[in-house]
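Here, residue 1 is the first one in the sequence, and each next residue gets the next number. Both ligands and their constituent atoms are indexed starting at 1 by order of listing.
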Amino acid sequence: MNISVIGTGYAGLSTGVGLAVKGHHVICMDIDENRVDKIKAGVSPIYEPGLEEAIKAAIREERLEATTSLEEAMKKSDVGFICVPTPSKRDGSIDLKFIEHVSRDMGRVLEGLEGYRVVAVKSTVVPDTTERVVIPNLEEFSGRKAGQDFGVGMVPEFLREGSALQDVLEPDRIVIGELDKRSGDALEELHSVFDAPVIRTSIRAAELVKYASNAFLATKVSFANEIGNMAKRLGVDVYEVMKGVGLDKRVSPHFLRAGIGFGGSCFPKDVMALVRKGITLGYEPRLLEEAVRLNQGQPLRIVDLLRKRAGSLKGRNIAVLGLAFKPETDDVRESPAIKVVSELLRYGARVRAYDPRAAENFRKVSPRAGYFRSAQEALKGADACLVLTEWPEFRELTDQDFSGMRERIIIEGRKALNPNRVSGFEGVCW
Ligand code: UDX
């Protein structure tokens, strides 16, 4: 099928490239010329394992194009995915300005197009957004009727950064929220290239599946952190505990890794947006509020632990290994490292940071920290070391790599170091 993807961020680009890998013809549209030029040249504007190679191959096989023209993208496609960002407002509720714009613009283009087309929302939007904002805009600006002249659906994306393309190619499930049967049939046909169960449902239910999934996983992490905070006081390694818990099939072993809390562009924002939505519905989601609160305090625990061990941080050199919110990405959005580093600087410490991929992005958030090209350089002369992201290369570090430290205090905020190679370190919850 011919597909357009409007917005080429992590979700849009990975989805578009994934659909091209599976044999569809995809045209990616973005207002950012620089991004479009990069995609056309076979260069990925974001770092994701395997993405650039897949872009190059899809362009070579003439299954992937890029444009800044919405009209061209829609003209060349049967289904158009809305993949624009849905950032947070100050109060944590969702900001729909990009969704507003793009749905109006798509309406305008639809007016002049022949034939049946489906508009599918993939951006994460709180339940009722597609019906309350997208459909009215499309109808008003096209002068046509949704569910009759054109189709509408909501197909949430569950990809994780760091394994985005693989997640698109091998989904656990496909959820299709449909306005009417014809829209749903078209979207099901498009997704038949994937080997995954398909759930067809209402648009609102699909929107809520996405939020409920993220809220559940985020709560699971906060739960592991809560047990972890107690385990630390008991002198117990929470990972041993969660191994015992996770083997229960009803629980599953995933998302029970305790540490300095969840970050990224989705969990913090989505759980808050769902809390806000609940409140506007006249319901206070207290479990979710607590999951967020716990998470906000979690990064500070590693600094407290450090201060207990090292005393005053004023003028001390603190090496920080890992800045990305998780490994295999250059993304630092809502990374717990942001809170940790700003807290260290607030106490007057000198931060010596290293991250294999995310240093450039982190520098924009925290220009006062020092950035180094390797873990060993960051560790040189350090009075203490905090490991904040479980990059695979940190697993390879040995005692020798830490030998340049002035004092040997090593605390990890994620299970990152190999105890067979490095001695005398402790964890935030272990
Ligand atoms: C998440 C969802 O997993 C994905 O389905 C959705 O589409 C987008 O949001 P992502 O933010 O890319 O994906 O990363 P994820 O692997 O879920 O991790 C989120 C955060 O939770 C990271 O900071 C990670 O370090 C943390 N985490 C995850 C834990 O602290 N413990 C865990 O056990 C798992």
In terms of residue, atom name and distance, what is the protein heavy atom nearest to [atom]?
atom: atom 1 (C) of ligand 1; result: F267 CE1, 3.5 Å
atom: atom 30 (O) of ligand 1; result: R414 NH1, 2.9 Å
atom: atom 14 (O) of ligand 1; result: K326 NZ, 3.2 Å
atom: atom 3 (O) of ligand 1; result: R160 CG, 3.3 Å
atom: atom 27 (N) of ligand 1; result: V221 CG2, 4.0 Å
atom: atom 8 (C) of ligand 1; result: C266 SG, 3.1 Å
atom: atom 28 (C) of ligand 1; result: F255 CE2, 3.6 Å

Pick from F325, F262, F158: the one approaching atom 11 (O) of ligand 1 most closely through a non-hydrogen atom: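 The option holding the nearest heavy atom is F325.
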Minimum distance, heavy atoms only, to atom 31 (N) of ligand 1: which one of R257, R333, E161 is it?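 That would be R257.
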Taking NZ, NE, NH1 and NH2 as the nitrogens, is one of them in [X] or [Y] under 4.0 Å from a carboxylate oxygen of the other?
X: D331; Y: R333; result: yes
X: R293; Y: E290; result: yes
X: E328; Y: R357; result: no
X: K308; Y: D304; result: no

Record the part of [X] in heavy-atom contact with ligand 1 below 4.0 Å; permitted values are side chain, backbone, both and neither.
X: E157; result: backbone
X: D270; result: neither
X: L159; result: backbone
X: K220; result: neither

Tell me if a side-chain donor or acceptor on S77 pairs with a main-chain N or O of G80 at a distance below 3.5 Å.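 No: the side chain of S77 does not pair with the backbone of G80.
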Donor-acceptor contact present, side-chain K56 to main-chain G42, <3.5 Å: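 Checking the backbone N and O of G42 against the side chain of K56, a donor-acceptor pair under 3.5 Å is found.
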Should we say atom [atom1] of [X] is surrounded by more than 12 heavy atoms from elsewhere, each under 6.0 Å from it?
X: E61; atom1: CD; result: yes
X: E226; atom1: CD; result: no
X: L300; atom1: CG; result: yes

Which ligand 1 atoms are under 4.0 Å away from a heavy-atom of G263?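 Answer for ligand 1: 19 (C), 20 (C), 22 (C), 23 (O).
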Subset of ligand 1 atoms that lie under 4.0 Å from at least one heavy atom of K210: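 Atoms satisfying the 4.0 Å criterion: 6 (C), 7 (O).
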Hey, does G259 sit under 4.0 Å from ligand 1 if you only count heavy atoms?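 Under 4.0 Å: no for G259.
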Is G264 near ligand 1, meaning one of its heavy atoms is under 4.0 Å from it?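 Contact check G264 vs ligand 1: negative.
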What I want to know is whether S265 and ligand 1 share at least one N or O pair that is separated by under 3.5 angstrom.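 There is no such contact.
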Under 3.5 Å: N/O of L256 near N/O of ligand 1: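 Such a contact does occur with ligand 1.
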Honestly, is K415 close enough over Y239, meaning NZ or CZ under 6.0 Å from the six-membered ring centre and within 45° of the axis?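 Geometry flag: set, cation within 6.0 Å and 45°.
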Any cation-pi pair here, R352 with F372, using under 6.0 Å and within 45°?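 So R352 does make the cation-pi contact.
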From the options F267, F325, F255, select the one residue that forms a side-chain contact (heavy atoms from CB on, under 4.5 Å) with F262.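 Exactly one pass, corresponding to F267.
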